[in-house]
Amino acid sequence: NAGVTQTPKFQVLKTGQSMTLQCAQDMNHNSMYWYRQDPGMGLRLIYYSASEGTTDKGEVPNGYNVSRLNKREFSLRLESAAPSQTSVYFCASSEQGGQPQHFGDGTRLSIL
Amino acid sequence: GENVEQHPSTLSVQEGDSAVIKCTYSDSASNYFPWYKQELGKRPQLIIDIRSNVGEKKDQRIAVTLNKTAKHFSLHITETQPEDSAVYFCAARGGTASKLTFGTGTRLQVTL
């Protein structure tokens, strides 16, 4: 009954460091998403995966890469973190594309 | 691309009153309009959605209406309760099938 699980929940990085945010879902959903949420700006799509083996850019993909490792897992990588990437990151999944149904608890990322 | 505007940004109502949140969208090809509720520090939760071939949808105390001609849709909450206090986000899925654009959110406060 886990739904969408994200790790870690909190992370502090220094500018230039790299890290990978992990996301896994246990609902056998085809589509998975990564969003970032900044104050006053709603959620913005970073990357999307319609199915295993496919990924597509969203609104704000610069500075990020993703991997759809298998149907369950969709990871987000920051290669060289910048202060502008300080945000709360949410992973989501859905059966059909373009309609995220279930979100994870989020990762609060601070870059100094 | 799609642009979604949401009003008001904050809304305070007394318990038992109704609350209405309005959104407009720009892409006439948009075909899917979900609403999400996000409690403080928690994940967004999909609470109701409507597709472009339907004018209204209800689920207990919440309802959504869609006016395709005017390109706007609204969330109606009746008999509000303190547990309705949260930030509500509207979203619209534009002509590109997988890209959902979010509004900037409405902070609803239900006072006793």
Side-chain angles (χ1 to χ4, degrees), chain A residues 1-7 9-10 21 23-25 27 29-51 54-61 66 68 74 87-108, chain B residues 1-10 21-27 29-54 57 59 64 73 75 86-107:
Chain A
N1 200 28
V4 179
T5 303
Q6 288 183 237
T7 56
K9 294 193 186 309
F10 303 92
L21 308 186
C23 176
Q25 51 92 8
M27 295 168 285
H29 284 167
N30 288 313
S31 298
M32 297 185 74
Y33 316 77
W34 276 105
Y35 288 92
R36 62 177 287 173
Q37 185 174 35
D38 302 296
M41 297 191 74
L43 290 104
R44 292 183 293 169
L45 183 66
I46 304 171
Y47 269 96
Y48 158 75
S49 172
S51 60
T54 68
T55 60
D56 196 9
K57 294 180 180 179
E59 278 180 83
V60 288
V66 290
R68 183 74 182 267
F74 188 38
S87 190
V88 180
Y89 292 84
F90 286 101
C91 177
S93 72
S94 64
E95 248 178 69
Q96 296 180 30
Q99 44 191 74
Q101 292 170 278
H102 300 277
F103 284 78
D105 285 334
T107 296
R108 282 150 182 80
Chain B
E2 177 68 276
N3 183 48
V4 177
E5 294 191 358
Q6 183 171 348
H7 300 281
S9 56
T10 61
I21 302 170
K22 299 181 180 181
C23 290
T24 60
Y25 61 97
S26 61
D27 185 351
S30 290
N31 55 20
Y32 174 70
F33 307 90
W35 287 87
Y36 297 87
K37 174 184 180 182
Q38 187 177 29
E39 295 175 12
L40 189 61
K42 301 287 182 67
R43 68 181 77 181
Q45 292 179 293
L46 177 65
I47 56 171
I48 195 168
D49 57 15
I50 191 168
R51 298 182 191 277
S52 57
N53 58 348
V54 175
K57 184 176 179 181
D59 184 3
V64 58
F73 57 112
L75 178 72
V87 178
Y88 291 81
F89 292 96
C90 65
R93 184 176 67 192
T96 306
S98 303
K99 308 285 174 71
L100 199 64
T101 301
F102 283 78
T104 51
T106 296
R107 183 173 300 278

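All chains are named by letter (A, B, ...) in the order of the sequence lines, taking the proteins before the strands, and each is independently numbered beginning at 1.
Comparing B/Pro44, B/Ala91, B/Ser9, B/Gly103 by how many heavy-atom pairs each has under 4.5 Å with chain A, the most go to B/Pro44.
When all heavy atoms are compared, the tightest approach of A/Pro100 to B/Leu46 is O-CD2, 4.5 Å. Minimum interatomic distance between B/Arg43 and A/Asp105 (heavy atoms only, all atoms of both residues): NH2-OD1, 2.5 Å. For A/Phe90 against B/Gln38, the heavy-atom pair with the smallest separation is CZ-NE2, 3.5 Å.
Contact of A/Arg108 with chain B is made through the side chain alone, with heavy-atom distances under 4.5 Å.
Applying the salt bridge (charged side-chain N to carboxylate O under 4.0 Å, His left out) rule to pairs touching residues 31-40 of chain B yields B/Lys37-B/Glu39, sequence neighbours excluded.
By the ring-ring contact (aromatic ring centres under 6.0 Å, His included) test, B/Phe102 pairs with A/Tyr35, B/Tyr36, sequence neighbours left out.
Between B/Tyr32 and A/Gln96, every side-chain heavy-atom pair lies at or beyond the 4.5 Å cut-off.
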